[in-house]
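In this chain, residues are counted from 1 in sequence order.
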Amino acid sequence: MADLNRIESFQYPSAHFGHLSDNQQAQLDAFKLLCQKEGYYTPAGATEASYDDETLLRFLRARRFNHAEAFKQFKDTEDWRKEHDVNGLFSKIDIEEFEQTRRLYPQWLGRRDKRGIPVYLFCVAPLNTKNISAYEKNLAKATLTSPKVSTKNLRLFALYESLTRFVMPLCSAIDRKHPETPISQSNNIVDITGVGLKQFWNLKNHMQDASVLATAHYPETLDRIFIVGAPAFFPTVWGWVKRWFDPITVSKIFILSSANILPTLSQYIDPENIPKQYGGKLDFEWGMMPVLEPEIQSAIKWESPNVQAGGNTFPIGPIMWEREQDGSMKAVAIGSENGKPRRRVIFSIPDPVGAKLRGQAIPNTPIDERELELTTVGTATHPPATDDSNVDVTPPTTDSSSPALTPPFATTAEAAVVDQSSLPLRQGTSDTRFEQQQQTHAADQLAQGTPHSAVNDHGHGDKTVTMEPNTVGQAPKDVSIPSVEAPAPGNADQAKQVASQAAGVVTWTVGSATGAVAGLVNGAKAEEKVDEKVPEKSPEQKALNGEIAGKEDPAIEDFLRTHTTSSNAVS
């Protein structure tokens with residue numbers, strides 16, 4: 001399969017604020033007018049605009065700068081936010097409940113890549129059955145609930161709000177190469193070390209919730225996904241998995257072997273900002289609060305920080321920004337603590353980068369393509385396709401073998417299972433017009449009248465039919481080929497069949513996990529409108545998940561293979 005190259009680069013800062021083509025700028029202007037006309041956008045006047053241009057551009061990039069399509073998604077998102085009072089949720093959620101959820105999803109390191117984009121870490125192994133079950137039990141004790149959506153999804157809303165309303169504005173306020181362009185994306189290191197097939201299976205619903213939400217309402221918040229610690233079976237299934245995603249999404253995913261983790265990450269991220277377990281110099285363990293980089297520490301003024309490993313960091317729970325008249329930014333801890341509203345100023349940024357540019361007309365500046373070379377495609381780190389990637393794991397629709405798999409010199413029994421249409425026509429029939437119907441000229445002769453009949457009209461409705469003697473009373477011949485049981489497959493064929501079925505199960509589960517990871521921070525296919533509601537599992541699915549949860553990890557693959565084989569046999 002050919003490398004998946006981008007036709008038009010949306011890599012930061014290209015196609016972002018201050019770096020638009022003439023057509024992209026025209027689409028942004030049309031988008032803003034349409035949103036304003038429909039009552040979903042208020043331009044700047046006595047107050048700031050209801051949304052900045054970079055936020056609107058996220059929806060345009062998700063829809064390939066089709067402003068009409070972007071408006072549909074933007075309208076759906078605005079209606080969704082109003083229906084669920086997302087703004088109110090972010091300011092009311094209990095800080096302990098927020099923290100419980102934060103520990104199960106990507107966590108900000110407190111560091112940025114070389115362009116100023118925040119770097120998140122997502123370790124999948126700690127999300128075992130025990131921890132997920134404990135979390136789901138705690139959901140029943142939640143203080144903030146809604147009759148319109150599950151408590152689990154309410155907490156997910158708050159996490160995404162933290163990303164877009166706190167972390168991204170913070171990174172935008174710190175000096176970087178393109179200070180005129182706000183940060184609206186994130187980089188993600190996804191560690192799947194030690195994660196087996198059983199855990200992938202158990203996590204699919206947990207991850208799909210986040211994937212659905214990101215796809216629908218938080219588009220284009222992903223710059224890159226770096227997958228490390230991939231299991232041994234991952235290269236085999238990647239050839240299938242990558243075909244399920246949009247090429248641009250695939251180009252954002254990097255599959256890193258142990259040998260190229262640090263060389264690849266260090267192209268995008270300074271070693272000081274890469275965790276030690278991946279070859280960098282950063283002391284960061286999964287579950288910690290952000291360890292802020294020196295550039296961020298020097299730009300902020302602390303008022304009431306929390307302390308972690310001898311350094312200042314944020315408290316748990318949501319944090320929001322308040323802007324002062326002099327342009328400074330104030331970070332305020334909100335949410336509820338011990339049943340009471342919380343409001344505590346944590347730190348301020350006296351001289352944020354954005355304040356220096358506010359009110360200025362920012363011209364669109366072309367981006368040197370050499371600046372985008374490192375972020376063009378991730379195919380260089382995708383596992384090479386294996387011979388197994390050509391195996392079709394789709395269950396056959398019939399019990400017959402495919403003609404392509406039938407030996408050229410088949411035995412009588414083997415030939416019996418070949419489709420009749422592949423057999424040669426009988427030669428020497430008396431009328432060539434009927435050769436194509438079946439393997440004899442007499443078959444179906446009554447469908448269009450006897451081949452050699454003549455209708456004699458004597459008038460007044462008096463008709464007679466004359467037939468040639470050689471066809472009078474001749475019934476259609478039975479030319480069907482009797483069913484002969486195909487020979488049992490040999491050892492090689494049985495091994496290939498089992499391998500295909502096992503690969504099919506692995507592909508489905510790994511594909512679900514990979515898709516969810518992509519959607520978790522961006523949405524794998526933003527072109528599709530997705531409802532954030534996850535369908536209720538059927539009794540059969542619940543029973544199957546129960547059986548799987550009760551088995552030990554080494555036995556899970558055999559169980560899934562057997563279950564899949566049984567299902568295919570029934571169908």
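- Under the rule for a side chain to side chain contact (heavy atoms under 4.5 Å, CB included), Ala309 has no partner lying at least two apart in sequence or in another chain.
- Rounded to the nearest 0.5 Å, atoms CG (Leu265) and CG (Leu256) are 5.5 Å apart.
- Applying the salt bridge (Lys or Arg N to Asp or Glu O under 4.0 Å) rule to Lys37 yields no partners; only residues at least two apart in sequence or on another chain are considered.
- Arg81 and Glu161 are joined by a salt bridge, as a carboxylate oxygen and a charged side-chain nitrogen come within less than 4.0 angstrom of each other.
- At a cut-off of 3.5 Å, with distance as the only test, a side-chain donor of Thr143 or Glu97 sits close to an acceptor on the other residue.
- At a threshold of 4.0 Å, the pair Lys252-Asp223 does not count as salt-bridged, since none of the basic side-chain nitrogens sits closer than that to a carboxylate oxygen.
- Salt-bridge annotation for Arg224 and Asp113: absent, with no side-chain N of the basic residue lying under 4.0 Å from a carboxylate O of the acidic one.
- The residues Lys75 and Asp79 are annotated as salt-bridged, a charged nitrogen and a carboxylate oxygen being separated by less than 4.0 angstrom.
- Tested against His217 for a ring pair (Phe, Tyr, Trp, His ring centres under 6.0 Å), the candidates Phe59, Trp80, Tyr160 yield a single pass: Trp80.
- No donor-acceptor pair closer than 3.5 Å links the side chain of Gln100 to the backbone N or O of Tyr135.
- Side-chain atoms of Glu54 and Ser184 include a donor-acceptor pair closer than 3.5 Å.
- Comment: Arg111 does not engage Asp270 in a salt bridge, judged by the lack of any side-chain N to carboxylate O separation of less than 4.0 angstrom.
- The aromatic rings of His178 and His19 sit perpendicular, their planes meeting at an angle over 60°, well past the 30° parallel limit.
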